[in-house]
Each structure stands twice: as C-alpha cells, then as structure tokens.
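The residues of the chain are indexed from 1 along the displayed sequence.
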Amino acid sequence: MRTKISSIHFKAADSLKEFAEEEARRLEKFSDEILNCEIEFSYTKTEKDVHMHVNVNGSVLDATGTSDDFKRSVVAAVDKIEQQLKKLKGKQQTRRAAGAPDAAAAEATDEE
C-alpha cells in the first residue's frame, strides 16, 4: 500500500506523518486489496480535519475525521474507513455466495 500525506497551509511534523502512516497500515489487516491511501491535513481556528481517500481494487473509500487534535482526527478517519472496508468485504462475500448457485445452474444447463 502506498501512502501519500499532504497538509494544507502548514507543514506537518514528521511525528504526525509517521503516526498517520502507522494508523493507515492498520487498515491492511482488513483488506489486502488496498492499492493506495491519501491523507490530507487541514485546519480551521477551532477544528483540525483529516481527509482520507483509500483505493481498494475498484472502489474508493472516503472519510473525514474532525476534532481539536490531529491524532484524534486521524484515528476517527481510520475507524470510519475500517467500517467501510468491513461493509465492502461483506458485500463481496454476499455477491460471491449469491453467484455460486447461478454458476452451478449454468453448468447444469450446459451439460444437458
């Protein structure tokens, strides 16, 4: 998984970048099909936002974490992506399970 980190209107500290990369690597245990991850830091006077875009083999997952601390925002965004990955994996398993009887029926009609 390639990770790209950017910050808008400020330079993010190396420790923050390392923390974000570590948190993004946490997503690899939920899917081995993650191609890349983009993490973007931005802030306003009262809030610190983290936007994450994750490409997973044909699907794009987006999440935003907002709090008064960048690390908490990263954790919130990663948790949201984690939930989306679990939902995507469930949909893929459902499609595979639903597709199996159709494939068996198609083979049965081919044999006739």
Side-chain angles (χ1 to χ4, degrees):
M1 174 174 76
R2 288 180 294 159
T3 304
K4 179 181 174 188
I5 298 174
S6 60
S7 53
I8 297 177
H9 302 299
F10 76 103
K11 183 176 179 182
D14 290 338
S15 61
L16 179 61
K17 290 179 182 178
E18 290 172 8
F19 178 78
E21 280 189 43
E22 286 178 21
E23 285 294 310
R25 270 189 246 124
R26 196 175 72 166
L27 297 172
E28 291 178 329
K29 68 181 176 185
F30 297 103
S31 176
D32 55 352
E33 297 178 338
I34 297 174
L35 301 176
N36 63 11
C37 176
E38 295 179 21
I39 303 170
E40 182 180 284
F41 295 101
S42 64
Y43 68 95
T44 62
K45 287 183 179 179
T46 57
E47 296 178 338
K48 296 182 179 169
D49 300 326
V50 174
H51 304 277
M52 290 187 74
H53 306 277
V54 178
N55 290 326
V56 183
N57 198 18
S59 299
V60 178
L61 307 177
D62 291 315
T64 301
T66 302
S67 73
D68 58 347
D69 182 45
F70 276 124
K71 289 185 177 182
R72 274 189 251 147
S73 298
V74 168
V75 171
V78 169
D79 287 345
K80 289 178 184 178
I81 294 288
E82 180 183 318
Q83 294 300 317
Q84 292 177 23
L85 280 171
K86 288 178 182 178
K87 187 176 178 180
L88 181 67
K89 189 173 183 176
K91 283 183 178 179
Q92 290 172 341
Q93 289 175 343
T94 302
R95 273 189 233 140
R96 285 186 194 133
D102 293 336
E107 288 178 16
T109 56
D110 289 342
E111 293 177 1
E112 292 177 356

Verdict with supporting geometry, Gln92 and Glu33, side chain to side chain contact (heavy atoms under 4.5 Å, CB included) | CA-CA 12 Å; Gln92 290 172 341; Glu33 297 178 338; 4.1 Å; yes
ILVMFWY clustering at 4.5 Å (side-chain atoms), partners of Val60 |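 Besides Val60, the hydrophobic cluster comprises nothing; the residue is isolated.
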Nearest 0.5 Å please: distance from the CZ atom of Arg25 over to the CD atom of Glu23.
->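 If we round to the nearest 0.5 Å, Arg25:CZ and Glu23:CD are 10.0 Å apart.
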Would a 4.5 Å heavy-atom cut-off, applied to side chains only, mark Leu27 and Glu82 as touching?
->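 Counting from C-beta outward, Leu27 and Glu82 do come under 4.5 Å.
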Is the shortest heavy-atom distance from the side chain of Ile39 to the side chain of His51 under 4.5 Å?
->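 A side-chain contact under 4.5 Å is absent here.
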Would you check if Lys80 and Gln83 make a side-chain contact, meaning some heavy-atom pair closer than 4.5 Å?
->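 Answer no - side chains too far apart.
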CD1/Ile81 to CG/Leu61 distance, rounded to the nearest 0.5 angstrom?
->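 That separation rounds to 5.0 Å.
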Side chains of Asp49 and Phe70 in contact at under 4.5 Å (non-hydrogen atoms) |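 Asp49 vs Phe70: side chains apart.
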Under 3.5 Å, is there a donor-acceptor pair between the side chain of Ser73 and the main chain of Ser67?
->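 Flag set: sc Ser73 to bb Ser67 pair under 3.5 Å.
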What is the minimum heavy-atom distance between Cys37 and Ala24, and which atoms define it?
->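 Scanning both residues completely, I find the closest heavy atoms to be SG-CB, 4.1 Å.
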To the nearest 0.5 Å, what is the distance between CG (Leu85) and CD1 (Ile34)?
->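 Those atoms lie 5.0 Å apart.
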Distance from Ser59 atom OG to Lys87 atom NZ, nearest 0.5 Å?
->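 Going from the OG atom of Ser59 to the NZ atom of Lys87 covers 12.0 Å.
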Do the non-hydrogen side-chain atoms of Met52 and Val78 ever get within less than 4.5 Å of each other?
->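 Yes - at least one pair of side-chain heavy atoms lies under 4.5 Å apart.
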Could you tell me whether the side chain of Arg26 reaches within less than 4.5 Å of the side chain of Asp79, counting heavy atoms only?
->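 Yes - at least one pair of side-chain heavy atoms lies under 4.5 Å apart.
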How many angstroms lie between CD in Gln84 and NZ in Lys86, if you round to the nearest 0.5 Å?
->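 Here the interatomic distance stands at 12.5 Å.
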CG/Asp69 to CD/Glu47 distance, rounded to the nearest 0.5 angstrom?
->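 Rounded to the nearest 0.5 Å, the CG-CD separation comes out at 13.0 Å.
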Is the closest side-chain heavy-atom distance between Val56 and Leu88 below 4.5 Å?
->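 Yes. Closest side-chain heavy atoms under 4.5 Å.
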Output side-chain donor-acceptor pairs under 3.5 Å for residues 2-21, partner residues at least two apart or in another chain, one line each.
| unit_1 | atom_1 | unit_2 | atom_2 | d |
| --- | --- | --- | --- | --- |
| Ser7 | OG | Phe10 | O | 2.6 |

Does some side-chain heavy atom of Met1 sit less than 4.5 Å from a side-chain heavy atom of Glu28?
->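 Yes - at least one pair of side-chain heavy atoms lies under 4.5 Å apart.
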